[in-house]
Amino acid sequence: MSEASTKRRVERFDPAIEPKWREFWAREGIFTAGRRSGAPRRYILEMFPYPSGDLHIGHLKNYVIGDALTRYYVIRGYDVLHPFGWDAFGLPAENAAIKYGRHPREWTYSNIAESKKSLDVAGIMYDWSREVTTCSPDYYRWNQWLFQLLYRKGLAYRARATVNWDPVDQTVLANEQVDAEGRSWRSGAKVEKRELEQWFFKITAYAERLLNDLDKLEHWPERVRTMQRNWIGKSEGAEVTFLALPPGSDAPEDADPLVVFTTRPDTLWGATFMVLAPEHPLVAKLTAPERQAEAAAYIARARMESEIERTSTTREKSGVFIGSYAINPVNDERIPIWIADYVLMGYGTGAIMAVPAHDERDFEFARAFGLPVRVVVQPPGQELDGDTMAEAWPGDGVMVNSGPINGVPAGKEEGQSVKAAIAWLEAHGRGKGTVNYRLRDWLISRQRYWGTPIPMLHLDDGTIKPVPADQLPVVLPEVQDYLPRGKSPLAAAEHWVNTLDPETGRPARRDTDTMDTFVDSSWYFLRFCDAQNGNEIFSKEAAYNWMPVDQYIGGIEHAILHLLYSRFITKVLYDEGLVPDDEPFKALFTQGMVQRRVRTPLERISPDIVRFPEELRRKLELPAEAQTIEHARTVLKDRGYTLEAENDGSWTAVSGPVTMSKSAGNGIPVGPFVRQYGSDVARIVVLFAAPPENSMEWTDEGVAGAQRFLNRIVTLFGADREAIVAALNAGHDDLSGDAERTLHRKLHETIKKVTLDTEQFRFNTAIAALMELLNEATRYRADTGAVTPVFARMASTFARLLAPFAPHLAEELHLWFGGSGSVYDAGWPEWDETALALEEIEVVLQVNGKLRGRIMVPADADEQQLREWAISNPRVLSFVGDRTVRRIVVVPGKLVNVVV
RNA sequence: GCCGAAGUGGCGGAAUGGCAGACGCGACGGUCUCAAAAACCGUUGGAGGUGACUCCGUGUGGGUUCGACUCCCACCUUCGGCACCA
C-alpha cells in the first residue's frame with residue numbers, strides 16, 4: 001500500500017450541496033422543453049398521480065426512473081419534454097369533505113402543494129410551466145369539449161344500465177368498490193342492483209383496432225399486451241336465429257325471433273335446450289303462467305347476486321324451466337327454454353343454445369336437471385354415448401347426427417365444421433357469421449360531486465342537447481352536502497341545475513352526473529404538449545411536435561383500464577386529424593414496487609417470555625398473548641415473520657417485505673430522508689438494488705451501501721480537485737504506461753456499458769459499471785501516487801456518466817473539475833472502440849468443453865496459431881493423455897476447445 | 001381450470017450459446033483506536049487436499065451441441081393475470 005493512499009483524508013458526500021443545484025437547474029431552465037429547439041425531441045412521461053399529500057420513497061421510484069432518463073437525454077443534447085400534473089378529481093377528496101367538512105378543492109390543492117414539495121426536495125425535475133391539474137376548470141373544460149366531440153360522433157350515448165347500489169350509504173358504487181361477497185367497501189351492506197340512465201362511451205366501436213394495434217406496440221411489455229388482448233376478448237362465431245314459441249302455442253306465426261351467439265355453430269344439431277339470462281327481455285313474455293312464481297323468485301335472487309358470485313366456477317348450476325319452447329332452425333326441433341344465472345345478459349345476446357355433449361357448462365346443467373345429451377362430434381378411436389358419458393367432449397372428431405355437415409372434420413379451420421355450418425346458416429338465412437367481444441362500452445356517469453360535470457342539457461320534452469361550446473366550461477357548483485343520496489350531490493344545487501336552453505330560451509335542467517375520472521387521464525398527455533392553450537384542447541401543431549410519448553413509465557395496475565382508455569381516446573382524436581399517431585405511447589415501462597419489512601417491538605415480560613402487541617396479534621391471528629421465545633419463533637415463522645434479538649436484549653417481530661404504503665406504516669417520508677442522506681443516495685438505493693421492473697426491498701444496508709459509493713467518489717476526487725484541473729489543462733494523455741492504458745480502457749468500457757445499459761433501463765448494471773470504474777481508479781491512484789492527465793480525463797468523464805443517477809454530486813464534480821455552467825450542457829461522453837482493443841488477450845483452453853487453462857496471446861492471433869498453442873499446452877496435453885484428438889474448435893479471441 | 005412470467009451463493013442480483021456468481025449487501029479475518037463506530041485491506045458457492053490442484057454446482061428429468069444458466073421437450077415450485085364469455 002502506498003504512502004499516498006493511507007494518508008488520504010476521508011471525505012463524505014454532503015447532502016447540503018443539493019439545494020443549490022436544484023435552484024440552479026430551475027433558474028437556468030435546464031429541464032424546460034424547447035430549450036434546445038431544433039435538437040431531436042424526446043417525450044418522457046411518468047403516469048401522473050392522485051395527489052395524496054406527503055410522498056414516501058415508494059411513490060418516488062417511478063419518478064426517479066423518469067428523472068434519470070430525462071437527465072440522460074438532456075445531457076445527450078436532446079430537447080426533452082418531461083412534464084407533470086395531478087389526477088386531482090376523485091373520491092378521496094370527497095370522502096375527506098364528508099368526514100371533515102373541508103371543501104374538496106381546498107383539500108386537494110393543499111395535498112398538491114405537499115406532494116410537489118416532496119418532488120422538489122428530491123430534485124425530480126419537471127417542466128412545471130406545463131403543469132396540469134384535472135380539477136381546474138381550465139383543464140376540465142376540455143374534458144367537456146371531448147365529451148361533446150364524442151357525442152357529435154355518435155360515440156357518447158345514453159342508456160339504461162344496472163349499477164351497484166349501496167342501500168345504507170344511499171349511493172352508487174363502482175364495481176371495484178364491491179367486494180367478493182357483494183358487500184360495500186364502506187358500509188359493509190349487501191349491494192343491490194338498480195337500473196339507471198347512464199352515459200356510455202362507445203369503446204366497442206374501436207375494439208378491433210384496439211386489438212389489432214397491440215401488435216404495433218413492440219416496446220410494450222408482452223404481459224400488458226396479453227392482458228389487454230384478454231380484456232377485449234374477441235371470439236368468432238355465429239348468431240343464429242331461433243323461433244321462441246309463446247307458452248301454449250305451437251304456431252310458428254306467433255313466435256318471436258330469439259338470437260343466440262355461439263362459437264360452435266357446427267354443434268347446433270346437438271342443441272337439446274336453450275338458456276336465457278334471467279334479465280333477458282323475452283323472459284316475461286315466454287314464461288308460462290304456472291311457472292310465473294318460480295321464475296320470478298329465481299330472477300329476484302339472481303338480481304341480488306354480484307357478478308362475482310354469479311360467475312364463480314365452483315358453484316352448482318341452478319336454473320328454472322319457464323314452460324315454453326324454441327324451434328331450432330337447423331332441424332326444426334322443439335327444445336325447452338330455461339333461465340339460468342350462468343348465462344350473462346352482458347355477453348353475446350344473453351341467450352345460448354345448450355349443447356351438453358360438447359360444452360362443459362351445458363353438460364353440468366343437463367346432468368343437474370336430467371336433460372338429454374346428444375353427441376354430434378365423434379372423437380377418433382372412441383364411441384361417445386350421450387347417456388353414459390362422464391364429461392363433455394369439447395375436442396376434435398368427425399360430425400355425426402348433423403344433417404348437411406355429417407362427416408365433416410370438427411374444427412375452425414377452412415374446410416372444417418364451423419365454416420361449413422356458417423355457410424349453411426347464411427345460405428338458408430337462419431344466421432350469420434359474427435364476431436363478439438368481451439369488452440363492454442365504457443360507463444362514464446358517476447353520481448358523485450368531485451368530477452367533471454357532464455355538459456348536457458335536458459329539456460322538458462325529453463330532448464337532450466349539448467351546452468353550447470362558447471358556454472363551456474360548465475363549472476362545478478358549490479353544494480352544502482357532499483353525501484350522495486341516490487342522486488349526485490349536484491342535483492341539490494337547484495339554482496345551478498335549473499337553467500335555460502340558450503337556443504330556444506326554454507327551461508332546461510343540467511345533467512347532474514359527473515364523469516369517471518378515467519376520462520380526465522385518458523388524454524392529459526396531449527394537454528402537456530400545449531398546456532396553457534386557452535382556445536383549444538391543444539394545438540395540432542404542438543401535438544405533432546411531441547406526440548407520441550416516446551417513453552411512458554408507470555405501474556402495472558394500470559395495464560388495462562387507463563392504458564386502454566387512453567388508446568381509445570387517442571384513436572378518436574387521430575380520426576379527427578388532431579394527433580399524428582393513433583397510439584399514444586410508443587414505449588411503456590412498468591416499474592416494480594418498493595418494499596420494506598415492518599418491525600414490531602415485542603414486550604419482554606421475563607427473560608424468556610415475550611408479549612405480542614394487540615395490533616400484531618389481531619393481524620396475524622396469534623393464538624396467545626404471551627409466548628416463550630422458542631414458541632414465538634415458531635408461531636411467527638408460520639406467518640412469514642422472523643424473531644430478531646436486539647442488542648439490548650429485547651425482541652422484535654420482523655415481517656417479510658411488504659409494499660411501502662401509508663396503511664402498512666412502512667413508508668420512508670421523502671423530506672426527512674433527503675435532508676439527512678441526500679436525494680442522490682435515495683436514487684442510488686432505488687436504482688441499484690434490483691432491475692427497475694422488479695420489486696426492490698428498501699433496507700438500511702442498501703442505504704449504507706449507496707452512501708459508501710458516493711463517499712468513495714468524494715474521497716477519491718475531493719483532495720485532488722486542483723491537481724485534476726491542472727492535469728486537464730496540461731494537455732496530452734500519455735498512454736505509454738500499462739497502468740494508464742488499463743485505466744483508459746476501463747473508462748471506455750464503462751462509457752459503452754453505461755450508455756447501452758441506460759438506454760435499456762438497466763440502471764443497476766450501469767451503476768455497477770461505475771462502481772467498477774471507481775474501484776479501478778482508486779487502485780490506479782493508490783499505485784501511481786500522482787494525478788496524471790489520464791486520471792484527470794477519467795475523473796471529468798466520470799462526472800458526466802454519473803449525471804443521470806446522482807445528479808447533484810455530478811454537478812459538484814463538474815464544478816470541481818473546472819467545468820462551467822451545468823454538467824447537462826457538457827455533453828455525454830462517446831466511447832472509442834479502438835481504446836477497447838487489447839494487444840494481448842486471454843484465450844481459454846478447453847478439453848471436451850471443460851476449462852483446463854488460459855493463455856495470453858496477441859489479439860490478432862489466427863486460428864492456426866491458436867490451434868497449435870492449444871495442443872502444445874502442457875495442461876491440455878495432460879488432460880488429453882493418450883487419447884486421440886478428434887476435433888479442435890477455435891473461436892478466435894475467445895477459446896480453443898480440444899475434443900478427444 | 002386457462003394464459004403469462006420467473007426459478008442462479010447466506011441475500012439483491014450479473015452473465016442470453018463460449019471462463020457461472022460482475023457489482024453490492026451480509027459474514028469472517030486484519031489495519032487504525034484506550035475502546036467503539038466510521039474508514040481502509042484481505043477472504044468468502046459446496047466438498048476434498050499441506051499444496052499446485054481436483055471433483056461437484058444455475059428447480060427436476062431428458063434432448064440438441066465440440067460446448068447449455070442460456071436453445072428444445074416433459075415435469076415441479078413460486079408469482080401475476082383471467083376465470084360459467086357460450
Side-chain angles (χ1 to χ4, degrees), chain A residues 1 5-6 8-12 221-231 233-235 237 260-265 267 275 277 308 310-315 317 340-344 346-355 358-362 364-365 436-440 556 559-560 657 684-685 688-691 693-697 699-709 711-712 715 753 762 764-775 778 782 842-854 875 886-891 893-900:
Chain A
M1 161 131 336
S5 70
T6 46
R8 183 162 287 274
R9 205 176 94 240
V10 173
E11 286 192 56
R12 298 189 63 95
E222 186 53 48
R223 67 171 170 153
V224 174
R225 294 197 284 170
T226 305
M227 282 160 79
Q228 293 216 350
R229 243 175 238 124
N230 291 343
W231 186 262
K234 178 179 182 175
S235 58
V260 304
F261 173 75
T262 174
T263 55
R264 292 294 303 272
T267 61
V275 187
I308 293 146
R310 275 182 65 168
T311 56
S312 160
T313 42
T314 53
R315 64 194 250 140
K317 289 275 178 293
D341 61 6
Y342 82 92
V343 174
L344 308 174
Y347 185 79
T349 59
I352 62 159
M353 57 138 182
V355 184
H358 306 292
D359 181 283
E360 201 189 316
R361 296 153 298 176
D362 298 345
E364 276 180 42
F365 194 86
N436 206 1
Y437 300 92
R438 203 187 79 111
L439 181 71
R440 300 178 199 179
I556 188 73
I560 298 174
I684 297 292
V685 175
F688 178 68
E693 66 273 22
N694 289 13
S695 63
M696 59 130 335
E697 188 186 340
T699 60
D700 292 346
E701 291 77 20
V703 172
Q707 239 181 333
R708 213 168 291 149
F709 172 52
N711 287 342
R712 289 179 55 220
T715 303
K753 185 153 178 60
R762 301 166 58 119
N764 56 328
T765 52
I767 292 169
L770 289 171
M771 289 173 170
E772 283 189 58
L773 177 59
L774 182 67
N775 291 344
T778 305
E842 190 180 69
V843 164
V844 168
L845 302 179
Q846 296 181 336
V847 177
N848 285 349
K850 283 196 174 178
L851 174 73
R852 294 307 181 188
R854 314 147 193 271
R875 282 191 42 81
R886 289 194 294 142
R887 190 177 160 186
I888 299 176
V889 180
V890 182
V891 183
K894 284 216 166 123
L895 61 78
V896 183
N897 187 14
V898 178
V899 185
V900 295

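Basis for what follows: all heavy atoms, side chains included, without hydrogens, waters or symmetry-related copies. Convention: sequence-line order gives letters A, B, ...; per-chain numbering from 1.
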>> Check the phosphate of B:A83 against A:R438, side-chain N and O only, distance under 4.0 Å to OP1 or OP2. Yes or no?
In response: yes
> Do the side chain of A:T765 and the main chain of A:A768 share a donor and acceptor less than 3.5 angstrom apart?
Replying inline: no
>> Looking at every non-hydrogen atom in both residues, tell me the closest pair between A:A559 and A:Q228 and how far apart they are.
In response: O-NE2, 3.0 Å
> Reckon A:K850 has a side-chain N or O less than 4.0 Å from the OP1 or OP2 of B:A68?
Replying inline: no
> Of all the nucleotides listed (B:A14, B:C84, B:C23), which has the minimum atom distance to the side chain of A:A768?
Replying inline: B:C23
> A:V899 and A:N848: which non-hydrogen atoms are nearest, and at how many Å?
Replying inline: CA-OD1, 3.4 Å
> With both distances under 3.5 angstrom, what nucleotide forms a Watson-Crick or G-U wobble pair with B:C71?
Replying inline: B:G63
>> Between A:R712 and A:N775, do the side chains contain a donor N or O and an acceptor N or O under 3.5 Å apart?
In response: yes
>> Less than 4.5 Å apart, side chain to side chain, heavy atoms only: is that true for A:F709 and A:I684?
In response: yes
> Which whole number of Å gives the distance between the C1' atom of B:C76 and that of B:G59?
Replying inline: 7 Å
> OP1, OP2 of B:C2 versus side-chain N and O of A:R229: anything below 4.0 Å?
Replying inline: no
> Reckon A:R712 touches a base, only the sugar-phosphate, or nothing at all at heavy-atom distances under 4.0 Å?
Replying inline: sugar-phosphate
>> Taking the C1' atom in each of B:C79 and B:C71, what is the distance between them to the nearest angstrom?
In response: 25 Å
> Whom does B:G12 pair with, Watson-Crick or G-U wobble, provided both distances fall under 3.5 Å?
Replying inline: B:C23
> Using atom C1' of each nucleotide, how far apart are B:G4 and B:C11 to the nearest Å?
Replying inline: 27 Å
>> Would you measure the distance from the C1' atom in B:G63 across to the matching atom in B:C53 and give it in whole Å?
In response: 33 Å
> Which nucleotide, B:A86, B:C66, B:G81, lies nearest any side-chain atom of A:S235?
Replying inline: B:A86
> RNA chain B: A:T765 or A:V891, which has the more 5' nearest nucleotide?
Replying inline: A:T765
> Does B:G1 have a Watson-Crick or wobble partner in any strand here, with both distances under 3.5 angstrom, and which is it?
Replying inline: B:C82
>> Roughly how many Å apart are B:U77 and B:C40, using the C1' atom of each and rounding to a whole number?
In response: 44 Å
> Separation of A:R854 atom CZ from B:C53 atom P, in whole Å?
Replying inline: 10 Å
> Which base, if any, makes a Watson-Crick or G-U wobble pair with B:U33, both distances under 3.5 Å?
Replying inline: none
> How would you label the contact of A:G233 with the nucleic acid (heavy atoms, under 4.0 Å): base, sugar-phosphate, or nothing?
Replying inline: nothing
>> Measuring from the side chain of A:D359 (C-beta onward, heavy atoms only), which nucleotide among B:A86, B:A38, B:G13 has the closest atom?
In response: B:A86
> Can you say whether the rings of A:Y342 and A:F365 are parallel (under 30°), tilted (30 to 60°) or perpendicular (over 60°)?
Replying inline: tilted
> Taking only N and O in the side chain of A:R852, is any of them less than 4.0 Å away from OP1 or OP2 of B:C55?
Replying inline: yes
>> Suppose we define a pair by two distances each less than 3.5 Å, Watson-Crick or G-U wobble; what does B:G42 pair with here?
In response: B:C28
> What is the minimum heavy-atom distance between A:V355 and A:D362, and which atoms define it?
Replying inline: N-OD2, 3.0 Å
> Touch check for A:N711, heavy atoms < 4.0 angstrom, all strands: base, sugar-phosphate only, or nothing?
Replying inline: nothing
> Got a donor-acceptor contact below 3.5 angstrom from the A:N436 side chain to the A:S235 backbone?
Replying inline: no
> Which of the following nucleotides, B:C23, B:A20, B:U54, is nearest to the side chain of A:F688?
Replying inline: B:C23
>> Please report the distance separating the C1' of B:C23 from the corresponding atom of B:U31, rounded so that it comes out in whole Å.
In response: 25 Å
> With sugar-phosphate meaning primed atoms plus P, OP1 and OP2, does A:V899 contact a base, only sugar-phosphate, or nothing at under 4.0 Å between heavy atoms?
Replying inline: sugar-phosphate
>> So, does A:N230 get its side chain near the phosphate of B:C85, meaning an N or O under 4.0 Å from OP1 or OP2?
In response: no
>> Mind checking if A:R708 touches a base, just sugar-phosphate, or nothing, with heavy atoms under 4.0 Å?
In response: sugar-phosphate
>> Mind checking if A:N436 touches a base, just sugar-phosphate, or nothing, with heavy atoms under 4.0 Å?
In response: nothing
>> How many whole angstroms separate atom CD of A:E701 from atom P of B:A27?
In response: 8 Å
>> Counting distance alone, no hydrogens or angles: does the base of B:C84 have a donor or acceptor under 3.5 Å from a partner atom on the side chain of A:K317?
In response: yes
>> Tell me if B:G30 is syn or anti. Syn = glycosidic torsion within 90° of 0, anti otherwise.
In response: anti
> Want to settle it: does A:I560 or A:G350 sit nearer the 5' end of RNA chain B, counting the closest nucleotide to each?
Replying inline: A:I560
> Is any side-chain N or O of A:R223 closer than 4.0 Å to OP1 or OP2 of B:G81?
Replying inline: no
> Paired with B:A6: which nucleotide, if any, by Watson-Crick or G-U wobble criteria at under 3.5 Å for both distances?
Replying inline: B:U77
> Reckon A:Q846 touches a base, only the sugar-phosphate, or nothing at all at heavy-atom distances under 4.0 Å?
Replying inline: base
>> With rounding to the closest Å, how many angstrom separate the P atoms on B:C66 and B:G80?
In response: 42 Å
>> Measuring only the P atom in each nucleotide, how far is B:A22 from B:G12? A whole number of Å is fine.
In response: 15 Å
> In terms of side-chain heavy atoms of A:N694, which of B:C82, B:A22, B:G13 is nearest?
Replying inline: B:G13
